[in-house]
Structure formats: structure tokens, C-alpha cells
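Written below as C-alpha cells is the structure these notes are about.
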Amino acid sequence: MASIDIQKIDKKWQDFWSEKKNIQKKDKKQKKFYCLEMFPYPSGKIHMGHVRNYAIGDVIARYKSMNGFNVLHPMGWDSFGMPAENAARENKLSPKVWTQKNIAVMKKQLQSLGLSIDWDLEISTCDEEYYKHQQELFIDFYNKGLVVRKETYVNWDPIDETVLANEQVINGRGWRSNAIVERKKLSQWFFNISKFSNDLLEDLDTLVEWPEKVKLMQKNWIGKSTGCEIDFDILEKNKKVRIFTTRPDTIFGATFLAISADHPLCKDFENQKNFIEFRKKCSQVGTTEEAIANAEKLGFETGLKAQHPFIKKTIPVYIANFILMDYGTGAIFGCPAHDQRDFDFATKYGIEIIPVVKNKDTKTNNKMKKAYTGDGEIVNSDFLNDLTIDKAKEKIIKEIENKNIGNKKITFRLKDWGISRQRYWGCPIPMIYLKDGSVVPVDKNELPIRLPNDVNLNSKGNPLENHPNWKKTKHKKTGEDAIRETDTLDTFVDSSWYFIRFCSPKLKDKPYDESSLDYWMPVDQYIGGVEHAILHLLYSRFFMRAIGLCNSKIKIKEPFKGLFTQGMVCHETYKNEKGEWLTPEETKKIDKAKIIIGPPEAMSKSKKNVIDPESMIKIYGADAIRWFMLSDSPPERDIQWSNEGVSSAHKFIQKLWGINKRIIERKNDKVIKDEEKDFISKFNKYLFKITNLIEKFHLNVAVANFYELTHLMNDSIAKNISSECLRNTQAKIMKILMPFVPHIASECLFELEGKNFYHSNEWPAFDKSLLEEKNVTFVIQINGKKRGLLSTIKNIEEKEVVAKAKNIENIKKNLINKKIIKSIFVKNKVINFIIK
RNA sequence: GCCCUCGUGGUGAAAUGGUAGACACAAAGGACUUAAAAUCCUUGCCCGUAAGGGAGUGCCAGUUCGAGUCUGGCCGAGGGCACCA
């Protein structure tokens, strides 16, 4: 069979496309479509995850372009971040040079995939042409009160004298120094994202093109809870403690008060030895919800008593390890009967358990085995008795407000976004410290505040802080000496507005221009990994709102209209007899019996189950890799890499070429009208189906339909169809294949039509009249079981179907000596005889 | 612990409440070939030469003429639960 030189056509068409530059059209009156895939971190090489992400994105971008949209499909680099600093230390390359080298390599790799990316719009976040605008946005936010300075705890490595990210803390020790990590309070910069908590929560409902899963994760993250605050009098101290609860309806079941170890009331115990020990124990428990939920409940008895606000009784006050100071008021009332944490705590410390919600499942309330958190009637609760939980909540809150001892309160779990990083390779924060201790933004004319190139990354502490003179500056207004902020911005800031920058990436004096934003935003389809479901997307949503607050002309609130989260690329894992990980390459050199094959897992360097896209492209060509990434698994689910899979994709590409060639060489044969009509109608159905499948992101099913379509073409060459008809149809097939495998499709089309195809509005139109089925197949059931099939023309009456069905041999046989007591008829679909 | 998602052949998977397993991989058998590779065809659990029948979408119930699909309970796997990008 004819085969084709894949490398040659890959290059031919990539050269052609790069000459044509982009698929974006100049006419801004046209309908736009902004297709964006999450930009990569330039770690060195692209990996299969990128290939999958960008292959999916390219299908959408090319498809929309061919459907007449003006498509924005840009690419950039999320190029600030820690790996560059680590690499700099290891390889003695500056972070800048290391990053630039990586970008050059990865750009070339991406280009070898033949993506329809407009490289003229390329941006890089570590480029001062990018971050100077980010500094400007920061100053705008600051002026609107969206930037605040607060004290917060960080993971502090006392040997490296640096702040560690959570993932750099391994078993409580610094990942590099192995020093025991301390909690240290630092004054840091924050974005006031919590200001938008409710807005960010409620607007999730407007994001109808987002996966429910992601919206739910965001909802939980924002964590709105409605409850109330109540003051409890502390008898001995003549003080009040304000608590927060979401279950005020259970107040009559309150048997203790618990406060955080960081609560102001604890000041009185600060000098007690056993309290200091207790607090130390508390800090050893992690701060994740899981850690808190699973940790053993620990309490410190204060000896204090609090007055219950509604009953003449006092309850003990404890300091407890599961109460966090930064949520609610840092104090709660414990109702052990209806909260599992309180229950565990009460059981441990012998505190009374009073049930106040009737649980229909338990007979006696004396021996509860766990807290009851379900619905029920209120009991043991004075004026709340017999009410439902919701009604009781309403009533008690009113009562609390009447007594002036508290009020209804909505709290959010969402905290302000800490953006200070004590690191070098990030965007400098454009603030300066004056002699009088005040902090002010730098003058916008001074932007960008550039990173120095001559830093020592091997010394301890923050490289910018340690730089001999970088931080020394002058206040522009007064001329007095000032010190620069030496913290840099969290790299999540960089990626929170890059999609905005893409609308006018070359603009010199402003971060964006309103008219470009007005035209291009929001992103119509955003595609990326689900690992960014919370932070990146939430921060971006915050940025859009913050920019709107600073500039009343910007009305867009939601940056991403459509969101698609694709699954990971997995591969089998291999170990040798010693339990060491092996790369797929290494397994070829070793005796097969000695290899332990593990389950497929996400490709990762540590497990050595990585397949390098570049070498695969060299062997199989870009189209085969793209095709394989789109086949088999639904895009939102994980996909498993296999050599067989990619080689079958390669065979398919070759087959396409072979069929194309045979169609071109075919001479006009005898034509039978009906056969040709039938062929055209079949093709039309596939065209319709595939178009719909792309719209719905069912790309794997679209691929399956392309296989069927290929079989149809293969079989049709021998049929009585005119060569002209075959050629026309083949050309249409190549056009709809263009988003998937653009190189081979372009080449085949060139062979068919003798001209270069370039993205124009040429998505083939389907003929609605041909979609109408003339014939249908009835399923004949007896007592709900399939007993036969019946092909008839469409829309025939029940009577006729029954008559024909009874004539079928197998149905006849089944009806002998039986009585049909009922028959269910569904038009054009099914007839079901119920017999006795 | 809490919240969420998913369980279909040897494998990846299809399937508006109406023919379960499309499409692809792997396997077995066959065709072509001196042979191999490549390519093409057939098969797919149980009974049967076949026609056909039986079982069957994690398990147990339920709704329905009809359930992979809807409802409830159970079992199992995966994900999220605050400073990597």
C-alpha cells in the first residue's frame, strides 16, 4: 500500500501555517471566539499532558474558525516560579537564562504539533513588558483598598532562613535543610478577595458552561455558612466570649464552651507551664481540614464557667485543638449530641450530652454512640420544642437579637489571598517603606520595578533582601530615602490576568485596552487540568471583578464563559526486582520476567513512566499523536498511553492517505443512482453526527465515527458511484478532519483539489432533508424481551406493525398457544407483546 | 472525618428509559505469501452444527410493558478539603 512521508508533510504544512501566521481574522464585526488553553510553566520540555490539552483546544479553535468565527487562540508562558530558582542553584544558570532556554525548546515542540496558535500574541509573565503592567494593576488595586497588609503564620525554615510552601514541608521538616519547620508570624500582603465572597459564590450560578464538579469545589471553598454569634458571660472574669455557631437551634443542648488556643482569652494562661505544653501540642496538628477532623480531640480545662444565656446553668470553658482562630470568632459552644467533634470531645472529658433533636431511629437517648446530625423535631428546649430545625433557628436568632446578646451572622471560609513570597523569581511588589514607617506605592512612572540580575541565590534568606543595594531607593515625591518591598508576588497573580493581556499583548502603556477587552472577553472556551479548579480560577474571577472596580468601563465579571477540564495522561509503571522505578525504555533491555508491571498512573518523573512527546512525534508524526490523544477516552477522563494505541493511530493516518490516493486514481465507473444517493445520505448522517459530537466535546465518539466513515469510503470505492461524487465527499471528510489531524487532511485536500486549504468558513453544511430516515427498525419484544427485528418504512400504523411482526417466524413460534393481553407500541421504535 | 464523582467484555470505551458492548486495542482462527512482516476476513460468556435459547452493565431491592440509564440501601475505586505550577 502507498505510504506517506509523515515528517515531510508535517514540515510542509507547519511552514505554510507559520507563513500564514494565524487563524485570526482582522474583521472585528465578525462573531468572535476566544479559545484558550491554560498556558504552561516552562519546565524544560512539553509533556503528554500538554499535548492532550492543546490537541483538544486546537480541535475547538479550528472548528470554530471553519464555522465562521473570528478566533483568538494565543499561547504564553507562566514563567515565574520556584523551579527556576532551584534549577539555577543546581545548574549555575540564572533563572532568567534557564527560563528563556526552556521557552525556546518548548515553543519549538509545540510548533511541531501543528497547533493553530497565533504566536504573534506570545507573552511571558517573567518579561518586564508583562510584569510592569501587573505592578500597575497592583497599585490600582491598592488605591481601591483591595490590597491589605496583615500578619500571618508561615512555615519558616530556620536553617535556610526562608519561608516554605506547604509542599516543601515534609514530615514537619524543610525539604532541603531538613530543619524542623517553625511557625513564624510575618507581616504580609494580601488581596482582599474575601470582599467578593458572596459575589463569587452567587455568580457561580451564571456559569452554565462550567462542569458542576468545579462549581461545587469552588462553592465548598468559599464555604458560606449562615448562623449566628452569641455572647456568653464568663462568670469569674466579668468578661464576654462571643461564639459563632451554625446550629443555634441546639443551644439548649450546649454543655461546654470551647475556644481556640490563639483566642485572646488565653492570654491569662500564657505563663502556665501546662498551657504552653498544650498549645505546643495543638500546633503539631496540621491545619488541613482532614488533619483536624482526624486528630485526637484535645482540651485544656480553664476552670472557668460560662453562663448559659437561656437557662440558669453554667457550663465549663475549654481550650480545644479543633477550634481555629481564623474561622468564625475562634470560639464555639459545644453541643455533643449533634456535632461529632463535640461528641468525641465530650466523651473524652466526661462532659454531659443532652439531645435536643429527636432522632426517630434511636430508642433511648442515654447511650448515644455518635452525634445525630440529621433532621428532626426539637426537644428539651423550652420555647423551641416541637419546631423543625429551620424554624427553631429562625426563632432562636430572633430571641438572641431581642435579648441583645448576639445576631445573625454569615461567615465565609474563604480567606484573603496572601500574595507575599520571600523569593527572587517573581514579580516585585511595587511598594516602598518610608522612614516614618509608612508604606506607599511607587509612582507609576517608575514602573517597572525590575528584578536585579546579579543576585546570590545560594545565600540564606530572601535574595532581594540580601542584595547589596537593590532595595535602596528614594521616595519620588519627597526625595527621602526609602526601602523597597523585597517580597515578590505569588505566581498565581501572574496567571490571574494573562487572558486579559492576550487581548492586546503588545500594548505599551497600559495593561489592556477597553475596546479589545470589550470585543474578545470573556474567554469562550477555557481548557485545562482540573487541578486548577479552585485557586487559579477563583483568583482569575477575583481579578476580573477587581479590574472592574478600578475601571468602570469594564463590565465583565466572569472571565471564563465555558470551562472544560481534561483528564490526565497515564501510563503503566514498571519496577525491577529491587523495587526501583524503571522507564519504559529501560524495560526493553531487561528480562521481562524480572519486571513488575504496576497499574497505570499519571505520568510523572518520579515514577519514570513518562513518554516524551518529541520523540513520539519524530516516529509517528504530529497527527498520529494528536489523533491518539483524542481517541478512546472521553476528554474529561484520564487516558492511558499505549504503544499499540499510538501505532494504530499512525496506521489510520496512513490509511487515510491510501484511500485518498485510490479515490484520486479511480476512473469514472458505472453509476447507479440509488447507490450514489444512499452513499451521500450515509455521509450526510456522519457529518451531522460528528458536528454535534464536537459541539458537545465528545471527541472520542467523534473519532469512532471517523473510523466508520473511513470504512464507508473504503467500501464505496468499489461501488457504482461516480468518481466526482466520491472526490467531493472525500474533500468534505478532509475538511471535517482538519481540526483533528490538520497535516494529513491538508495534504489529502491538496491532492484532491490542487490548492492549499487555509482556514476559511468551510465547515461542510449538512443537508437536513437527507437526515430524514425513510426506513426504521422495530424491536419486537415479548414480555419485554427482544424476540425479533422488523425493518419497515417510517411512520406506519400500529396495526400494520402488529400484523407484520406476527408473521416473523420466531415471533409466531413464541405466540403459539399464548394470549396477547396487552401490546405496547412506540412509534418507529418498539412493539412489546405482553402474553400469558 | 466531611463533601463529590465513578463502577459496562481480557483492555480503553459506546449507548435522547426501547436491539447492551458502536469504535479501537489485545487474543484466537483463517486468507494472501515459499516464509515472515504488512494487509484483509471471522470469532468473542454458557447450551447448540445452525436456527435459536440462557445468563449478563459492582451487589440487593424498587418504579416501569421495558432499567446500563430513574429511586433507595449496601460494597468497591478515585478526587477535593488553603501558599508546587
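Letters A, B, ... mirror the listed sequences (proteins, then strands); counts begin at 1.
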Within less than 4.0 Å of OP1 or OP2 of B:A24, is there a side-chain N or O belonging to A:His711?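 It does, given that an N or O in the side chain of A:His711 lies less than 4.0 Å from OP1 or OP2 of B:A24.
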Could you state the [atom1]-[atom2] distance from [X] to [N], rounded to the nearest angstrom?
X: A:Lys219; N: B:C81; atom1: NZ; atom2: P; answer: 18 Å
X: A:Ile690; N: B:A22; atom1: CD1; atom2: P; answer: 18 Å
X: A:Lys785; N: B:A20; atom1: NZ; atom2: C1'; answer: 13 Å
X: A:Phe652; N: B:U39; atom1: CZ; atom2: C1'; answer: 17 Å
X: A:Leu537; N: B:A85; atom1: CG; atom2: P; answer: 15 Å
X: A:Trp425; N: B:C84; atom1: CH2; atom2: C1'; answer: 17 Å
X: A:Gln422; N: B:C84; atom1: CD; atom2: C1'; answer: 16 Å
X: A:Asn220; N: B:U5; atom1: CG; atom2: C1'; answer: 13 Å

Give a yes or no on whether the backbone of [Y] and the side-chain of [X] come within a donor-acceptor separation of less than 3.5 Å.
X: A:Arg626; Y: A:Phe740; result: yes
X: A:Tyr130; Y: A:Asp494; result: yes
X: A:Asp78; Y: A:Pro40; result: no
X: A:Asn102; Y: A:Pro42; result: yes
X: A:His50; Y: A:His47; result: yes

Which nucleotide wins on minimum distance to the side chain of [X], given the candidates [options]?
X: A:Phe492; options: B:C25, B:C81, B:A85; result: B:A85
X: A:Arg413; options: B:C81, B:U19, B:C25; result: B:C81
X: A:Leu414; options: B:A85, B:C23, B:A82; result: B:A82
X: A:Met217; options: B:G80, B:U39, B:G18; result: B:G80

Would you mind pulling out the nucleotide paired to [N], Watson-Crick or G-U wobble, both distances under 3.5 Å?
N: B:G78; answer: B:C4
N: B:A15; answer: none
N: B:A28; answer: B:U42
N: B:U49; answer: none

Indicate whether the side chain of A:Gln422 and that of A:Asp487 have a donor and an acceptor atom separated by less than 3.5 Å.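 Yes.
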With the threshold set at under 4.0 Å for non-hydrogen atoms, list the residues of residues 526-536 of chain A touching RNA chain B in residue-number order.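 Contacts with RNA chain B under 4.0 Å: A:Glu531, A:His532, A:Ile534.
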For every nucleotide of nucleotides 10-15 of chain B, 5' to 3': is a protein heavy atom under 4.0 Å from its base (B), only from its sugar-phosphate (S), or from neither (-)? --BSS-
Quick test: give all pairs of protein nitrogen or oxygen and nucleotides 63-70 of chain B nitrogen or oxygen below 3.5 Å, distance rounded to 0.1 Å.
residue: B:C65; atom: O2'; partner: A:Asn832; partner atom: ND2; Å: 3.2
residue: B:C65; atom: O2; partner: A:Asn832; partner atom: ND2; Å: 2.7

Identify each donor-acceptor pair in which a side-chain atom of residues 526-534 of chain A lies under 3.5 Å from a protein atom, sequence neighbours left out, and give them as a table.
residue: A:Tyr526; atom: OH; partner: A:Tyr498; partner atom: OH; Å: 2.6
residue: A:Tyr526; atom: OH; partner: A:His536; partner atom: NE2; Å: 2.7

Any idea if B:G21 is syn or anti, going by the 90°-from-0 cut?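 Base orientation: anti.
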Electrostatic pair A:Glu85:A:Arg423 at N-O distance under 4.0 angstrom: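 The answer is no: the pair does not qualify as a salt bridge.
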Pair A:Lys150 + A:Asp416: basic N to acidic O under 4.0 Å: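 Salt bridge between A:Lys150 and A:Asp416, a charged N being under 4.0 Å from a carboxylate O: yes.
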Is there any protein nitrogen or oxygen under 3.5 Å from a nitrogen or oxygen in nucleotides 50-53 of chain B, and what are the pairs?
residue: B:G52; atom: O3'; partner: A:Asn810; partner atom: OD1; Å: 3.4
residue: B:G53; atom: OP1; partner: A:Asn810; partner atom: ND2; Å: 2.9

Under 4.0 Å between any heavy atoms, over every strand shown, what does A:Lys415 touch: base, sugar-phosphate, or nothing? Just pick one.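 It contacts base atoms.
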Remember a base hit wins even if backbone is also touched, and classify A:Trp417 as base, sugar-phosphate or nothing at under 4.0 Å, heavy atoms.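 A:Trp417: no heavy atom of the nucleic acid under 4.0 Å.
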Looking at CG of A:Asn810 and CD1 of A:Ile782, how far apart are the two atoms once the value is rounded to the nearest 0.5 Å?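 The distance works out to 7.5 Å.
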Determine all donor-acceptor pairs shorter than 3.5 Å in which one atom belongs to a side chain in residues 634-647 of chain A; sequence neighbours excluded.
residue: A:Asp638; atom: OD1; partner: A:Met568; partner atom: N; Å: 2.8
residue: A:Ser642; atom: OG; partner: A:Gly645; partner atom: N; Å: 2.9

